[in-house]
Amino acid sequence: MWRSLSSNQRQRFIQAVSAQPRQWLSQQIQQWIARFKFPPESTDYLAWRHQFLQKRLRLGLWLALLWHSTVSTISLYRAFFEFETLQAAALERFGDIAIADQWRGGYIAYYGGIILLLLACVAAQQMAWGRRHPQILFLLFTCSLGGLFAQVALSFFGIPDTPSTLVFLAIAVLIPVHWRLHFTYQVLAVAYYFVVYPLTGIATLKNDSYGIYATEIIVEVIFVCLISVLSVYLYERLKRSEFEVNRRLQTFLRSVSHDLKTPVLGISVVLQSLLREDKSESSEEIIVRRSMLKQLLNGSNRQLALIQSLLEAHTTEVQGVTLHREPIELKPLVKTVLSDLHHEFSKKRVQLTNRITDGLPLVYADSNQLWRVFSNLIGNSLKHNPHDIQLTLDGGLVDPEQLPGVLARWQLPGASSIQQLPTQGSMLLCVVQDNGKGISLDQVQRLFEPYTRGPQARYMPGLGLGLYLCKQIITAHGGDIGVVSNLSEGVAFWFTLPIAQTRG
């Protein structure tokens with residue numbers, strides 16, 4: 001086989017093998033990053049988040065005012081009317097009664113300042129500026145409660161303070177949106193705690209007379225920050241996904257209503273035309289041209305196909321795919337699919353290369369369901385690409401553990417540059433590859449989800465269920481299915497099937 005290759009083919013193969021680890025690693029990194037990528041921010045979601053932040057911020061401000069008014073009253077009462085108790089505590093803990101004066105001054109500045117700041121936020125929220133910029137009010141609100149304001153105010157009296165981890169969790173539960181804002185105010189409070197105090201000498205790790213750098217306190221601050229920000233991030237991601245699902249559902253409903261309404265309108269137009277052509281109202285018979293009958297039949301078939309795809313998707317989701325498996329040869333099945341699509345190949349001037357040979361082992365599969373998979377994948381390439389594309393079908397044995405390396409060796413663009421598939425392994429790998437427009441990474445991530453349609457789907461028939469059903473069928477067989485693609489570099493759909501066991 002190696003000697004039969006030309007020098008250019010050998011060089012291309014060597015380059016593909018040497019680039020395999022780098023390409024595979026790059027692909028894995030992209031897929032890992034895509035998992036943490038937010039769904040797109042729809043206009044509906046942004047409007048909801050803005051209103052949600054305003055409402056929860058209003059509730060949070062009034063709850064904070066009630067809470068701080070109560071706490072301030074108790075603390076200031078102790079500072080003014082139970083000052084002897086404060087002096088005794090300072091003398092017992094630090095051996096210096098003068099620290100009680102620092103505490104009293106700090107209490108007055110902190111609690112008085114917090115109340116004034118919260119009242120200012122409440123007043124600002126009633127104004128047009130505050131309603132337009134709730135993010136700024138959120139930062140003022142959280143910095144006043146989360147410890148930053150307390151840290152700054154008490155620093156003037158030489159008193160260090162730790163970030164309020166309880167407040168971090170409370171705000172994350174009360175206002176679980178804008179995780180970056182949560183992260184910002186927590187970073188400010190933690191940075192003041194770990195950086196400003198040691199720099200100013202108010203408290204240090206070595207000389208921690210106030211005990212704010214105890215190990216358990218540091219661990220609590222770090223993990224509470226992580227948990228609260230992560231919880232807001234996950235909640236916001238869930239809400240974005242929910243809005244994205246609703247948006248896609250609306251698109252799907254519009255698509256279904258349009259696709260089902262069009263044949264009905266067509267049939268109605270034909271029938272009205274027939275009635276208009278019949279001049280005699282008393283006649284019981286109407287002569288119908290063959291072209292009109294074909295038009296009526298095509299419209300009815302279109303409706304039945306759409307309704308059937310919905311029923312199949314629902315049945316698959318509820319009951320799973322029903323298989324009648326037997327050992328089958330792949331090449332005759334593929335030839336049947338290609339024969340059925342011959343007219344489409346000719347119309348779009350497709351350059352077809354079929355490398356599925358007689359030498360492949362039998363697969364243990366349902367021939368009808370497998371026919372649907374090949375038909376859907378090939379039809380998908382024909383439907384979403386321009387004329388004169390190159391379409392390649394290939395197959396070979398592969399070890400499932402070596403599958404990532406095999407996928408990384410594929411060279412796009414161009415179906416002609418596909419590498420020879422392995423000839424050893426326990427699964428049969430099938431490939432349907434074209435050199436057409438390609439698919440973006442965002443589309444690849446959700447390509448096999450139900451009702452997923454491409455950017456040009458509004459101009460094409462169908463409900464976006466073909467690839468979803470392909471995934472259900474291949475999964476039911478015990479195989480895997482996926483796609484390798486980049487924009488303007490073509491698409492390679494691949495799937496694996498179990499090999500039929502031979503009896504010795």
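Partner Phe493 forms a side-chain contact (heavy atoms from CB on, under 4.5 Å) with one of Leu467, Val484, Asn376 and no other, that one being Leu467.
The two residues Thr496 and Met427 come nearest to each other via the heavy atoms OG1-CE, 3.7 Å. What you find for Lys348 and Asn385 is that their closest heavy atoms are NZ-O, 2.5 Å. Residues Leu188 and Cys143 approach most closely at CD1-SG, 4.2 Å, considering heavy atoms. Heavy-atom minimum distance, Ile378 versus Phe345: CG2-CZ, 3.8 Å. Taking every heavy atom of both residues into account, Arg56 and Pro176 meet most closely at NH1-CD, 4.1 Å. Gly436 and Ile389 get closest at one heavy-atom pair: CA-CG2, 4.4 Å.
In this structure, the side-chain contact (heavy atoms from CB on, under 4.5 Å) partners of His50, at least two apart in sequence or on a different chain, are Gln54, Pro134. Every residue two or more places apart in sequence or in another chain that forms a ring-ring contact (aromatic ring centres under 6.0 Å, His included) with Phe138 is listed here: His182. In this structure, the ring-ring contact (aromatic ring centres under 6.0 Å, His included) partners of His133, at least two apart in sequence or on a different chain, are Trp129. For Ser381, the side chain to side chain donor-acceptor pair (under 3.5 Å) test picks out Asp434, with sequence neighbours left out. Residues passing the ring-ring contact (aromatic ring centres under 6.0 Å, His included) test with Trp371: none are found, sequence neighbours excluded. Residues satisfying the side-chain contact (heavy atoms from CB on, under 4.5 Å) test with Ile222, not counting sequence neighbours, are Ile218. For Lys239, the side-chain contact (heavy atoms from CB on, under 4.5 Å) partners are Tyr45, Trp48, Tyr235, Glu242, Phe243, not counting sequence neighbours. Every residue two or more places apart in sequence or in another chain was checked for a salt bridge (charged side-chain N to carboxylate O under 4.0 Å, His left out) with Glu220, and none qualifies. With sequence neighbours excluded, the residues satisfying side-chain contact (heavy atoms from CB on, under 4.5 Å) with Tyr192 are Leu148, Gln151, Val152, Ser155, Val196, Tyr197. Annotation: side chain to side chain donor-acceptor pair (under 3.5 Å) contacts of Lys335 (sequence neighbours excluded): none. With sequence neighbours left out, Asp388 forms a side chain to side chain donor-acceptor pair (under 3.5 Å) with Arg349. Scored by the side chain to side chain donor-acceptor pair (under 3.5 Å) test, Arg49 finds His178, Glu236 as partners (sequence neighbours excluded).
Going from atom SG of Cys470 over to atom CG of Leu370 covers 10.0 Å, rounded to the nearest 0.5 Å. Between atom CD1 of residue Ile474 and atom CG of residue Leu469 there is a gap of 11.5 Å, rounded to the nearest 0.5 Å. Leu497 contributes atom CG, which lies 11.0 Å from atom CG of Asp366 (distance to the nearest 0.5 angstrom). Leu330 contributes atom CG, which lies 7.0 Å from atom CD1 of Ile328 (distance to the nearest 0.5 angstrom). Rounded to the nearest 0.5 angstrom, Leu137 CG and Arg131 CZ are separated by 11.0 Å. Separating the CZ atom in Arg372 from the CD1 atom in Ile473 is a distance of 4.5 Å, to the nearest 0.5 Å.
Residues Thr142 and Gln186 have side chains not in contact (no heavy-atom distance under 4.5 Å, counting atoms from C-beta outward). Annotation: side chain of Val373 is in contact with side chain of Leu377 (closest heavy-atom distance under 4.5 Å). Using a 4.5 Å heavy-atom cutoff, the side chains of Gln135 and Leu53 are in contact. Contact of the Trp494 side chain with the Asp480 side chain is registered, since non-hydrogen atoms from C-beta on lie closer than 4.5 Å.
The aromatic ring centres of Phe495 and Phe374 sit less than 6.0 Å apart.
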Query raised in the report: Leu393 and Leu338: side-chain contact (heavy atoms from CB on, under 4.5 Å), yes or no, with the steps?
Result: CA-CA 11 Å; Leu393 308 182; Leu338 298 179; 3.9 Å; yes

Query - Val195/Val190 under side-chain contact (heavy atoms from CB on, under 4.5 Å): CA gap, chis, key distance, verdict - result: CA-CA 8 Å; Val195 178; Val190 172; over 6 Å; no

Requested in this report: Give the C-alpha distance, both sets of side-chain angles, the deciding distance and a yes or no for side-chain contact (heavy atoms from CB on, under 4.5 Å) between Leu429 and Leu397.
Outcome: CA-CA 6 Å; Leu429 175 64; Leu397 293 176; over 6 Å; no

**Report entry** Criterion side-chain contact (heavy atoms from CB on, under 4.5 Å) on Thr392 and Val431, from CA distance to verdict
**Finding:** CA-CA 8 Å; Thr392 301; Val431 180; over 6 Å; no

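Atom CZ of Phe183 has 12 or fewer neighbouring heavy atoms from other residues, nucleotides or ligands inside a 6.0 Å radius.
The closest donor-acceptor contact from the side chain of Ser231 to the backbone of Ser228 lies under 3.5 Å. Under a 3.5 Å cut-off, the side chain of Asn435 and the backbone N or O of Gln390 do form a donor-acceptor pair.
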